Amino acid sequence: MDSNWREKRLYPILGIFTIFCFLYLNFKDNLSFTFPVITWNLPHMSFVGVNHTRFVTHLQEEVYVNGWNSYWLMEESVRGPSSRSRVSKILKKGSQMGLTVCRTWAFSDGPGSADLQIRPGVFNERVFKALDYVLVEARRHQIRLILSLVNNLNAYGGKAQYVSWAEEAGINVSSSTDSFFSDPTIKGYYKSYVKAIVTRKNSYTGILYSEEPSIFAWELMNEPRCESISSAPVLQDWITEMAAFVKSLDQKHLVTVGLEGFYGSKLSENYGTNPGDWAASLGSDFITNSAIKDIDFASVHAYPHSWIPEADLEAKVKYLSNWADAHISDSENVLKKPVLFTEVGAPLTINTEGLYDRDILLKIVYDKIYESAKKREAGSGVLIWQLLVEGVEEYSDEFSFVAWKYPSTYKLILEQSSRLQNMSSQGQMS
């Protein structure tokens, strides 16, 4: 009798505690006092490292990646509880699809109320707490994040915002945004930003970002390009310097560049797989940039519809197949590092046989990764560009979609997740 009485009193206490945790996570930014940090309910996750051309945990368990992009997680988390529920939903849905890594922006540079870095080294704490929330939710759903640290493009500020800040401070910089890679003041701005991110203590968990296992890797820049081909050596030096700087702050996480994968040198064996001569004029080079000591894995993007828009589907299929083969081979034999296809995008067009172009192209890269994984070679994963949930259509582009609304694509994703999970299990047993 006494035991039953205690149990009956325990249930409402647990219910109140659950409600408290929910309210705390969603409304903490509006509170003027601080609750004790709660971390007991976060699942254990291992850090991911590299062993030759494979990703492994600290127990040497092999890791293969089926993942996705949702660049909008931090921005959506700023807006309040209803928006945060959409962030939680995409991470939960990703986990249910067997996806293990999500790539998202950890930058927003500018004077706006939703920007993270308002001025060089000055941060909006409300937005920082939104990023804290993203990390907590990723950990809760056992999703690892690739956090990109600045944009090459002007969206969300990008390198142009850094150059503008230097000009406003009276620094004599060239009008070209290539000065982002060379000017000491601007490089100082970037380092200050990186340090603030990497050494951040999560306001919900008290865990330093540098100690957070739900972070898969730091990405130095989204799609670095130069305005002038003459800036290629400067970009190479910048990558070298910044990769070493990140490593000086954080030895537990991987670092990648954020490349699209273009070959800049005609001496490269796979130069001919570029989508056009224009790709070699952007200052980046897949081999040279990825070979830098502190870069742990190579990254590649693939957008056949954007890069060779006049080609028919058959030509796009051939191009993508060669593109994937070239980068997996170079990563295995030249770089001797893992490679992730961190953006693969195709629009939702239908060919004459009633099949989605997206499914046909995505399956090519999925199969290439699976075949590489079976041979324990460098091809280690694919991240779709990009997944949405209902209610975040404002972040959409021609390559964005809600996966569960397209059964054929959804099935393809599930199948890839399943076979890569089997590969990881076999790697643990071997």
Side-chain angles (χ1 to χ4, degrees), residues 45-50 55-58 63 65 67-71 73-74 100-109 116-117 123 128 131-132 134-136 138-139 143-152 156-159 162 180-181 187-202 207-224 235-236 238-260 284 289-301 337-343 380-381 383:
M45 296 179 74
S46 298
F47 289 93
V48 176
V50 168
F55 293 121
V56 294
T57 68
H58 71 285
V63 176
V65 174
W68 84 99
N69 287 266
S70 289
Y71 75 83
L73 301 184
M74 179 177 70
T100 55
V101 174
C102 176
R103 178 171 170 265
T104 194
W105 295 169
F107 60 76
S108 184
D109 304 303
L116 175 56
Q117 185 175 213
F123 300 92
F128 235 144
L131 185 57
D132 292 344
V134 172
L135 265 64
V136 171
R139 177 85 172 266
I143 298 294
R144 293 185 172 97
L145 301 173
I146 296 176
L147 296 178
S148 191
L149 295 169
V150 72
N151 208 355
N152 177 75
Y156 295 90
K159 63 183 183 183
Y162 279 80
F180 175 89
F181 301 118
K187 288 195 292 183
Y189 291 164
Y190 178 81
K191 284 183 175 180
S192 175
Y193 180 76
V194 168
K195 184 175 182 179
I197 295 284
V198 174
T199 63
R200 166 79 174 179
K201 179 182 285 189
N202 192 305
I207 300 172
L208 296 172
Y209 281 23
S210 60
E211 302 286 335
E212 175 52 65
S214 67
I215 296 174
F216 183 88
W218 302 110
E219 182 180 272
L220 298 181
M221 172 179 273
N222 174 50
E223 300 185 339
L235 173 59
Q236 177 75 359
W238 182 87
I239 296 170
T240 303
E241 180 179 351
M242 298 310 167
F245 180 70
V246 174
K247 288 290 189 180
S248 74
L249 299 171
D250 180 359
Q251 293 80 48
K252 291 189 175 182
H253 290 110
L254 304 174
V255 176
T256 193
V257 182
L259 296 171
E260 295 160 278
S284 64
N289 299 156
S290 302
I292 292 168
K293 176 177 69 70
D294 290 314
I295 297 301
D296 296 299
F297 66 93
S299 64
V300 186
H301 293 180
K337 298 179 180 183
V339 59
L340 285 183
F341 288 76
T342 49
E343 290 187 24
S380 298
L383 282 70

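Note that these values count all heavy atoms, side chains included, but never hydrogens, waters or copies made by symmetry. As the structure is a computational prediction, the values presented were derived from the model and not from experiment. Residue indices begin at 1 and follow the sequence shown.
A 6.0 Å sphere centred on NZ of Lys247 holds more than 12 heavy atoms belonging to other residues, nucleotides or ligands.
Within the 4.5 Å cutoff, side-chain heavy atoms of Arg144 are placed close to those of Val48. Between Val198 and Tyr209, the closest side-chain pair of non-hydrogen atoms is not below 4.5 Å. The side-chain heavy atoms of Asp132 and Arg200, taken from C-beta on, include a pair separated by under 4.5 Å. Proximity of Asn152 to Asn222: side-chain heavy atoms (C-beta onward) are nowhere separated by under 4.5 Å. A 4.5 Å side-chain heavy-atom check between Thr57 and Phe47 finds every atom pair outside the cut-off. Taking 4.5 Å as the limit, every side-chain heavy atom of Leu340 sits out of range of all side-chain heavy atoms of Ser299. With a 4.5 Å cut-off on side-chain heavy atoms, Leu116 and Tyr193 count as touching. Counting only heavy atoms from C-beta outward, the side chains of Ser284 and Glu223 never approach each other to under 4.5 Å.
The two residues Thr342 and Leu383 make their nearest non-hydrogen contact at O-CB, 3.4 Å. The two residues Gln251 and Ser248 have their closest heavy-atom pair at NE2-O, 3.3 Å. Pairing each heavy atom of Asp294 with each of Ala243, the nearest pair is CB-CB, 3.7 Å. The shortest heavy-atom contact between Pro213 and Met45 is CB-O, 3.4 Å. Closest of all the heavy-atom pairs between Ser380 and Pro338 is OG-CB, 3.6 Å.
A donor-acceptor pair under 3.5 Å is absent between the side-chain atoms of Ser192 and the main chain of Gly188, judged by distance alone.
Rounding to the nearest 0.5 Å places CD1 of Ile143 at 12.5 Å from OG1 of Thr104. Of the inter-residue distances, the one linking Lys187 atom NZ with Tyr162 atom OH reads 14.5 Å to the nearest 0.5 angstrom. The line from CZ of Phe107 to OH of Tyr71 is 10.0 Å long, rounded to the nearest 0.5 Å. Annotation: the span from Leu73 atom CG to Leu131 atom CG amounts to 9.5 Å, rounded to 0.5 Å. Rounding to the nearest 0.5 Å gives a distance of 11.5 Å between CD1 of Ile292 and CE of Met242. Atom NZ of Lys337 sits about 11.0 Å away from atom CG of Leu254, to the nearest 0.5 Å.
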Item to complete: Please report the C-alpha distance between Ile215 and Asp250 in whole Å, then the side-chain angles of each, then the deciding distance to 0.1 Å, and finally whether the side chain to side chain contact (heavy atoms under 4.5 Å, CB included) criterion is met.
Response: CA-CA 11 Å; Ile215 296 174; Asp250 180 359; over 6 Å; no
With side chain to side chain contact (heavy atoms under 4.5 Å, CB included) as the test, would you mind laying out the steps for Ile295 and Asn289 before giving the verdict?
CA-CA 8 Å; Ile295 297 301; Asn289 299 156; over 6 Å; no
### Task
Carefully, step by step, assess Leu149 and Val194 under the rule side chain to side chain contact (heavy atoms under 4.5 Å, CB included).
CA-CA 7 Å; Leu149 295 169; Val194 168; 4.1 Å; yes
Ring pair (Phe, Tyr, Trp, His ring centres under 6.0 Å) between Phe245 and Tyr190, intermediate numbers included: CA-CA 11 Å; Phe245 180 70; Tyr190 178 81; 8.2 Å; no
Show your reasoning for whether side chain to side chain contact (heavy atoms under 4.5 Å, CB included) applies to Lys159 and Met221. CA-CA 9 Å; Lys159 63 183 183 183; Met221 172 179 273; 4.3 Å; yes
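Relative ring orientation between Trp238 and Phe180 is described as tilted, the plane-to-plane angle lying within the 30° to 60° band.
By the side chain to side chain donor-acceptor pair (under 3.5 Å) test, Glu343 is found to be paired with Arg103, Tyr303, residues two or more places apart in sequence or in another chain being considered. Checked against side chain to side chain donor-acceptor pair (under 3.5 Å), Thr256 has no partners two or more places apart in sequence or in another chain.
Counting only N and O atoms by type, the side chains of His253 and Ser210 include no donor and acceptor under 3.5 Å apart.
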